[in-house]
Amino acid sequence: MPRATTRPQPAGREPGAAPAAPLAPTPSQTIGPFFGYALPFPGGGQIAPAGHPDTVTVHGLVRDGTGAPVPDALLEFWQAGPDGSLTGAPGSLRRDPATGAVIGRDGVDFTGFGRVPTDADGRYVLRTLPATAPAGRPDAAPYLAVCVFARGLLHHLATRVYFPEHATANAADPLLAQLPTERARTLLARADGPGRYRFDVQLQQTADGTHEETVFLAFR
């Protein structure tokens, strides 16, 4: 004879009780990626050959949309060589032939590439040679190309650093010339001492407008 069966009830529900309301979805959250692990390498911010007399320091702060410093961002810098060449030289990520560990640059060759993490206060420091315009681009002003990686960003951001002593070239630069003055200003480093420049990266404009978002570039 067929026997009646009772479907098991979820814990906490009485038989015959109305189904529980569906749970609201948990808000999405971005956890990581954490760029400070494995990617920084010894001497990453020392692009200029050791002891080079023309070495300049570029430093600054990376801030988020609330104006707070970002302590775990990673910045990559690319620049033309003193002769405008874009080929660079190998050697930024040298490895120990015995252990395979990254030992960084040799301190002699100019590779045109640097990778710098921000510290606990959201600050970075780069020591390099003065920027030059890329060869074959007589209309371009000297600049450093920058890639910014940070938590919460699904894609890296690209921007540039221009320098105040090249006022004439900056005025004719194809990128700067098409930007409103206040926006172009976000790409201009400011001198804050002999051979020293301050360049802050603002990931998003603050609500009160105190910090304007840095101009970021899209490549097509």
Side-chain angles (χ1 to χ4, degrees), residues 29-48 54-79 92 104-105 112-131 141-167 170 173 175-176 179-218:
Q29 297 182 6
T30 301
I31 302 177
F34 304 105
F35 296 104
Y37 176 73
L39 291 174
F41 62 93
Q46 307 290 335
I47 301 180
D54 296 332
T55 299
V56 298
T57 298
V58 180
H59 69 103
L61 183 67
V62 179
R63 289 185 294 254
D64 64 17
T66 68
V70 180
D72 52 1
L74 189 73
L75 283 71
E76 289 187 348
F77 292 86
W78 304 77
Q79 69 182 99
S92 294
R105 59 186 87 247
F113 169 73
R115 180 183 291 160
V116 188
T118 54
D119 64 15
D121 297 318
R123 300 186 178 280
Y124 73 91
V125 178
L126 178 79
R127 293 182 174 84
T128 188
L129 296 183
Y143 66 86
L144 307 182
V146 188
C147 278
V148 183
F149 303 84
R151 53 184 164 85
L153 295 180
L154 299 180
H155 301 283
H156 62 270
L157 301 175
T159 188
R160 289 180 179 180
V161 186
Y162 291 86
F163 295 87
E165 63 267 30
H166 304 294
N170 289 344
D173 182 85
L175 172 61
L176 293 178
L179 296 172
T181 302
E182 65 276 7
R183 299 296 290 136
R185 194 178 297 121
T186 68
L187 300 182
L188 190 64
R190 69 175 189 269
D192 70 348
R196 285 173 52 94
Y197 300 90
R198 173 76 180 260
F199 181 78
D200 293 340
V201 177
Q202 184 67 36
L203 298 179
Q204 186 179 26
Q205 180 170 311
T206 53
D208 60 4
T210 303
H211 301 295
E212 187 169 9
E213 180 180 306
T214 300
V215 169
F216 297 108
L217 310 176

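Here, residue 1 is the first one in the sequence, and each next residue gets the next number. Because the structure is predicted, anything quoted here is derived from the model rather than measured.
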### Query
Which is it for Leu188 and Leu176 under the side chain to side chain contact (heavy atoms under 4.5 Å, CB included) test, yes or no, and what are the steps along the way?
CA-CA 10 Å; Leu188 190 64; Leu176 293 178; 5.8 Å; no
When rounded to the nearest 0.5 Å, the distance separating CD1 of Ile47 from OG1 of Thr55 is 10.5 Å
Considering all heavy atoms of both residues, which atom of [X] and which atom of [Y] are nearest to each other, and what is their separation?
X	Y	answer
Val70	Ala150	CG1-CB, 4.3 Å
Gly122	Pro69	CA-CB, 4.0 Å
Phe163	Ala131	CE1-CB, 3.6 Å
Gly114	Arg105	CA-NH2, 3.9 Å
Ala189	Pro164	O-CD, 3.3 Å
Pro71	Arg151	CD-NH2, 3.5 Å

Any heavy-atom pair between the side chains of [Y] and [X] that's under 4.5 Å?
X	Y	answer
Leu74	Val148	no
Phe149	Glu76	yes
Pro130	Asp54	yes
Leu129	Val56	no
Val58	Tyr124	yes

Those residues that, when tested against [X], pass side-chain hydrogen bond (donor to acceptor under 3.5 Å, both in side chains) (two or more places apart):
X	answer
Asp208	Thr206, Thr210
Arg183	Glu212
Arg127	none

Less than 3.5 Å apart, which donor and acceptor atoms pair up between the side chains of residues 195-203 and the rest of the protein, not counting sequence neighbours?
unit_1	atom_1	unit_2	atom_2	d
Arg196	NH2	His59	NE2	3.2
Tyr197	OH	Glu165	OE1	3.3
Tyr197	OH	Glu165	OE2	2.7
Arg198	NE	Asp200	OD1	2.6
Arg198	NE	Asp200	OD2	3.4
Arg198	NH2	Asp200	OD1	3.2
Arg198	NH2	Asp200	OD2	3.1
Asp200	OD1	Leu61	N	2.8
Gln202	OE1	Arg63	NE	2.8
Gln202	NE2	Asp64	O	2.7
Gln202	NE2	Gln204	O	2.7

Residues at least two apart in sequence or cross-chain that pass ring pair (Phe, Tyr, Trp, His ring centres under 6.0 Å) with Phe113, listed by chain then number, are Trp78
Apply the test side chain to side chain contact (heavy atoms under 4.5 Å, CB included) to residues Leu144 and Leu126: give CA-CA distance (whole Å), side-chain angles for both, the deciding distance (0.1 Å), then the verdict. CA-CA 11 Å; Leu144 307 182; Leu126 178 79; 4.1 Å; yes
Please table the atom pairs, donor to acceptor, closer than 3.5 Å between any side-chain atom in residues 153-162 and protein atoms at least two apart or in another chain.
unit_1	atom_1	unit_2	atom_2	d
Thr159	OG1	Val215	O	2.7
Arg160	NH1	Tyr162	OH	2.9
Tyr162	OH	Asp173	OD2	2.9

Verdict with reasoning, Gln79 to Thr128, per side chain to side chain donor-acceptor pair (under 3.5 Å): CA-CA 9 Å; Gln79 69 182 99; Thr128 188; 2.5 Å; yes
